[in-house]
Amino acid sequence: MWLIVRDRVWSEVRLLSSAENTDLVGETFEDIGRMRGVDPYDAVFDLLLEEAPGMHRLFWTSHSFREADLKLCLGHADCAVMSDTKALAPWGMLESQVGSLSGYGWTSEFLGKFVREDRTLSLAEGVRRMTSLPARRLGLRDRGLIREGYKADIAVFGPDTVRSTWTVQSPRSFAKGFEHVFVNGQPTIFRGERTRTNQGRVLRGPFS
């Protein structure tokens, strides 16, 4: 992202979250600068000042990766698929906080685009890249596979229907196509609906 800013490619940087300028959320900083009649750099700092004490809630996002580079990486058998995003709850104290765009949709986008549409990977290989491969790399001996004695982390989804639904204006929108999700054997999504069950656990290493 910072290389994009350095090169002034403001058409690829969008406002993701703002309390004082909600009408600008989703706009590129190229367009925000044009609307305000200022350089996009100045627009960034103007928005920060307008947020005042709440400036920590001002977020932007960018289109930072070339699809060809992603496919090049996926072509390697040891390329695991993950996200470092925050999938924050859409209720309670975190209701107004936005972590990133991909928190509610990166798995569905990967399965929908790179597996179903582009066929960069087979379904079985795509699932392996998100489950047993990273579990093995981290040394998690009881996760990543459906096997007796392992933690029952199971996702039941439709390969032909799984898709993300988020937008820049509504990033916390649940993906479609996931019928059931079990975490440590308990349903967190059942018949397509989020339950009140939270069975996830913080795992602390080293694991191997």
Side-chain angles (χ1 to χ4, degrees), residues 1-67 69-70 73 80-110 112-113 130 134 138 163-176 178 181 183-184 188-189 193-206:
M1 178 183 291
W2 298 114
L3 293 177
I4 290 176
V5 171
R6 182 199 67 184
D7 293 340
R8 303 181 63 85
V9 189
W10 292 106
S11 60
E12 295 291 350
V13 184
R14 292 181 181 273
L15 183 62
L16 176 59
S17 175
S18 171
E20 296 298 322
N21 291 281
T22 55
D23 59 312
L24 296 178
V25 171
E27 301 287 352
T28 70
F29 273 89
E30 181 178 75
D31 289 335
I32 293 173
R34 185 182 300 113
M35 283 184 242
R36 292 185 164 213
V38 298
D39 186 278
Y41 265 116
D42 293 322
V44 171
F45 289 103
D46 288 344
L47 292 181
L48 284 169
L49 289 171
E50 289 164 20
E51 293 292 321
M55 65 170 58
H56 63 282
R57 293 196 298 268
L58 189 79
F59 284 96
W60 66 16
T61 187
S62 70
H63 186 205
S64 305
F65 302 98
R66 293 188 180 92
E67 187 171 312
D69 292 337
L70 293 175
C73 293
V81 178
M82 52 76 70
S83 174
D84 61 352
T85 188
K86 296 179 290 185
L88 304 179
W91 59 77
M93 294 180 64
L94 300 176
E95 183 177 4
S96 63
Q97 302 295 312
V98 176
S100 77
L101 285 179
S102 59
Y104 277 56
W106 72 270
T107 54
S108 54
E109 287 205 1
F110 171 69
K113 177 173 179 53
M130 294 190 292
L138 291 171
R163 62 180 178 86
S164 62
T165 63
W166 64 264
T167 64
V168 177
Q169 289 78 15
S170 181
R172 287 183 294 188
S173 178
F174 289 107
K176 299 295 185 182
F178 287 95
V181 176
V183 177
N184 288 321
T188 57
I189 291 179
E193 298 293 331
R194 179 70 163 90
T195 71
R196 303 294 291 183
T197 302
N198 296 297
Q199 285 295 312
R201 295 290 181 268
V202 175
L203 303 179
R204 304 186 186 279

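The aromatic rings of Phe174 and Tyr104 lie tilted to each other, with the angle between the two planes from 30° to 60°.
The minimum heavy-atom distance between Thr28 and Trp10, with the atom names listed, is CB-O, 3.7 Å. Contact between Ile32 and Ala43 at its shortest, heavy atoms only, is CG2-CB, 4.0 Å. Across all non-hydrogen atoms, the minimal contact from Gly200 to Asn184 is CA-ND2, 4.3 Å. Scanning all heavy atoms of the two residues, the minimum distance from Ser108 to Phe178 falls at CB-CE1, 3.9 Å. The minimum heavy-atom distance between Met130 and Phe110, with the atom names listed, is SD-CD2, 3.7 Å.
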| Evaluation steps, side chain to side chain contact (heavy atoms under 4.5 Å, CB included), between Val5 and Val44 | CA-CA 11 Å; Val5 171; Val44 171; over 6 Å; no
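Remark: Leu49 pairs with no residue by the side-chain contact (heavy atoms from CB on, under 4.5 Å) rule, at least two apart or across chains. Applying the ring-ring contact (aromatic ring centres under 6.0 Å, His included) test to Phe45 and every residue at least two apart in sequence or in another chain returns nothing. The side-chain hydrogen bond (donor to acceptor under 3.5 Å, both in side chains) test applied to Thr61 returns no partner, not counting sequence neighbours. The salt bridge (charged side-chain N to carboxylate O under 4.0 Å, His left out) check on Arg8 picks up Asp39, with sequence neighbours excluded. Take Glu67 and apply the side-chain hydrogen bond (donor to acceptor under 3.5 Å, both in side chains) test, not counting sequence neighbours, and it matches Lys71, Lys113. In terms of the side-chain hydrogen bond (donor to acceptor under 3.5 Å, both in side chains) criterion, residue partners of Ser173 (sequence neighbours excluded) are, by chain and number, Thr165. The side-chain contact (heavy atoms from CB on, under 4.5 Å) test applied to Glu12 returns Ile4, Val9, His63, not counting sequence neighbours. Here Glu51 pairs with Ser18, Ala19, Glu20, Asn21, Met55, Leu58 under the side-chain contact (heavy atoms from CB on, under 4.5 Å) rule; sequence neighbours left out. Among residues two or more places apart in sequence or in another chain, the side-chain contact (heavy atoms from CB on, under 4.5 Å) test is passed with Arg204 by Val202. Take Ser164 and apply the side-chain hydrogen bond (donor to acceptor under 3.5 Å, both in side chains) test, not counting sequence neighbours, and it matches Glu109.
Dense packing is recorded around CZ of Arg201, with more than 12 heavy atoms of other residues, nucleotides or ligands lying under 6.0 Å away.
Under a 4.0 Å N-O distance rule, the pair Arg36/Glu50 qualifies as a salt bridge.
Between Thr197 atom OG1 and Ile189 atom CD1 the span is 11.5 Å, to the nearest 0.5 Å. A distance of 12.0 Å separates CG of Leu16 from CH2 of Trp60, quoted to the nearest 0.5 Å.
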